[in-house]
Structure formats: C-alpha cells, structure tokens
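Notes to accompany the following structure.
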Amino acid sequence: GENVEQHPSTLSVQEGDSAVIKCTYSDSASNYFPWYKQELGKGPQLIIDIRSNVGEKKDQRIAVTLNKTAKHFSLHITETQPEDSAVYFCAASGGTALIFGKGTTLSVSS
Amino acid sequence: DSGVTQTPKHLITATGQRVTLRCSPRSGDLSVYWYQQSLDQGLQFLIQYYNGEERAKGNILERFSAQQFPDLHSELNLSSLELGDSALYFCASSVGGQGGNTGELFFGEGSRLTVL
C-alpha cells in the first residue's frame with residue numbers, strides 16, 4: 001500500500017520568512033496530493049491540493065509542487081504569519097482512502 | 001464548522017473495556033472515514049465506508065470494528081481496550097469515495113479517548 005514520508009517534523013521560522021515542507025510517496029499509482037492544516041483542538045482542514053496532471057498550483061501565499069518522476073511533492077508558504085502556526089499534513093491517494101504523512105509542526109514567531 | 005459531528009468529544013475508560021464512537025457525516029456525503037491520531041504516528045487510516053459498505057481497510061486492529069448505517073452515520077467500536085489505544089479518533093466524510101479519488105475530506109473535531 002501507499003506510504004507517505006514527510007519532512008521536517010518541526011519547522012520554526014520568523015514572521016515574513018518562507019517555509020517549505022517536503023513529502024515523498026511510494027505508490028506510483030497515486031494521483032491526488034492534498035495538504036491539510038490542523039490547528040490546536042480542531043480537525044485537519046484542506047488548504048490546497050494538486051492532481052498528477054499538474055506540476056504546480058498556487059493559492060495566494062501557498063503553493064504546491066509535484067514531481068511525479070521522483071515521487072515527491074512540496075508545500076511552500078511565503079510571507080509567513082503567526083496564524084500560519086499549525087500542524088501541516090501531506091497526503092496521497094490513488095483511488096482509495098487518503099494516506100497521510102506524520103505531520104510538520106510549523107511555528108512562526110513574530 | 002466542517003459539518004461533521006463526532007460524539008463524545010472526550011472519553012475516559014479503563015483497560016479491557018469497550019467504547020463506541022459516533023460520527024454523523026456532512027449532509028449529502030456518502031463516504032465516512034475513520035482515522036487514529038497519536039503523537040508519534042500522525043494520522044493513521046483505519047477504515048472507509050461508502051453508502052453502507054466497507055470500501056477500504058487500513059491499519060485497523062481486530063479488536064476494532066466499524067459500520068455505517070442506512071442514515072449514513074457511522075460508529076467505531078473499540079473493544080478490549082489497551083493503554084496504547086489512547087488517542088484522538090477522527091471521522092471524516094466526503095461526497096465521493098466509491099472509486100476514483102476521494103476528493104476533499106471534511107474532518108470532525110475528533111473524539112479523545114483516554115484508557116487508564
């Protein structure tokens with residue numbers, strides 16, 4: 001089955017800096033790669049996703065890139081703000097349930 | 001508010017006991033997923049139901065079982081509880097999930113289980 005590795009497990013940045021989180025997946029049949037943000041005491045919430053026919057997708061300050069050949073995808077957050085502090089999860093799916101990475105705790109200090 | 005409702009929010013019980021967690025999906029969503037979140041394991045997929053039928057199984061223990069009822073709500077039953085079962089259990093729902101990609105999952109706020 002699918003296995004998703006996520007790095008780093010923790011990331012601390014200064015407000016205004018960029019943050020990058022990287023994931024790799026194992027199943028070459030996977031074709032859907034979402035990113036979820038989990039704030040304290042809440043369930044994860046989708047922030048951006050990308051499908052395998054697209055190499056990059058942007059939504060304001062966040063972007064995701066996908067390299068299908070290398071089987072890795074990344075989340076980029078620019079101009080980070082304190083409210084970006086949360087746990088971020090990448091995930092992959094090839095037609096069944098979403099398999100998540102172990103998460104990255106992002107801390108943005110002002 | 002995601003529209004997914006989970007009860008109870010908190011549950012404390014003893015080893016060897018059995019508990020039932022309940023989930024009501026968003027209106028119109030046919031798929032329900034159960035995930036276990038612990039500190040060192042992230043979000044572990046347990047099981048998926050689509051319109052009452054089991055669709056996919058993940059790392060679900062034999063002591064755990066689930067079902068989805070005709071009104072589409074789902075229950076996760078955890079029996080012979082062990083200390084290591086203490087975790088946050090999330091339910092999520094989606095419109096799709098019969099085949100193809102799941103699309104966006106909408107998560108509830110979770111049920112925190114503590115086994116003493």
Side-chain angles (χ1 to χ4, degrees), chain A residues 1-10 21-27 29-54 57 59 64 66 68 73 86-106, chain B residues 1-7 9-10 21 23-26 31-50 53-60 66 74 87-112:
Chain A
E2 178 64 274
N3 183 53
V4 178
E5 299 284 340
Q6 182 171 348
H7 300 280
S9 57
T10 60
I21 303 170
K22 299 183 178 182
C23 290
T24 60
Y25 60 98
S26 62
D27 189 349
S30 289
N31 56 10
Y32 176 61
F33 307 93
W35 288 85
Y36 282 76
K37 176 183 181 181
Q38 184 179 22
E39 297 178 339
L40 200 60
K42 297 188 176 182
Q45 187 171 13
L46 179 71
I47 56 172
I48 194 168
D49 57 11
I50 191 168
R51 296 190 183 272
S52 59
N53 57 346
V54 175
K57 184 177 179 181
D59 183 3
V64 58
L66 171 65
K68 283 222 72 178
F73 56 114
V87 180
Y88 292 81
F89 291 96
C90 62
S93 171
T96 55
L98 281 179
I99 303 302
F100 286 84
K102 291 190 177 182
T104 296
T105 300
L106 174 64
Chain B
D1 183 4
S2 68
V4 177
T5 303
Q6 289 188 246
T7 57
K9 291 191 185 305
H10 302 276
L21 310 180
C23 170
S24 293
R26 287 190 325 154
S31 276
V32 169
Y33 310 78
W34 286 97
Y35 286 86
Q36 180 191 57
Q37 184 175 36
S38 54
L39 280 175
D40 58 345
Q41 292 297 321
L43 280 165
Q44 291 276 305
F45 169 62
L46 297 179
I47 197 163
Q48 176 203 356
Y49 281 84
Y50 177 84
E53 294 192 2
E54 183 183 306
R55 286 294 304 165
K57 221 169 189 176
N59 300 319
I60 188 166
S74 178
L88 195 52
Y89 291 84
F90 282 106
C91 169
S93 72
S94 70
V95 173
Q98 180 182 20
N101 293 124
T102 64
E104 180 174 1
L105 298 191
F106 295 87
F107 282 82
E109 296 197 340
S111 293
R112 182 169 295 281

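Per chain, numbering begins at 1; letters A, B, ... match sequence-line order. Remember, predicted model here, so these are calculated numbers, not experimental data.
No side-chain heavy atom of B:Tyr33 sits under 4.5 Å from any side-chain heavy atom of A:Leu98. Between A:Phe89 and B:Gln37 there is a side-chain heavy-atom pair separated by less than 4.5 Å.
Separation of atoms CZ (B:Phe90) and CD (A:Gln38) is listed at 4.5 Å; rounding is to 0.5 Å. The distance from the CD1 atom of A:Ile99 to the OH atom of B:Tyr35 is 6.0 Å, given to the nearest 0.5 Å.
Closest of all the heavy-atom pairs between A:Tyr36 and B:Leu105 is OH-N, 2.9 Å.
In this structure, no portion of B:Phe106 lies under 4.5 Å from any heavy atom of chain A. Contacts of A:Pro34 with chain B are absent, with no heavy-atom separation under 4.5 Å from either backbone or side chain.
Environment of CD in B:Gln44: crowded, with over 12 heavy atoms of neighbouring residues, nucleotides or ligands closer than 6.0 Å. For A:Lys68, the NZ atom is densely surrounded, since the number of other residues' heavy atoms within 6.0 Å is greater than 12. More than 12 heavy-atom neighbours from other residues, nucleotides or ligands sit within 6.0 angstrom of CZ on B:Arg26.
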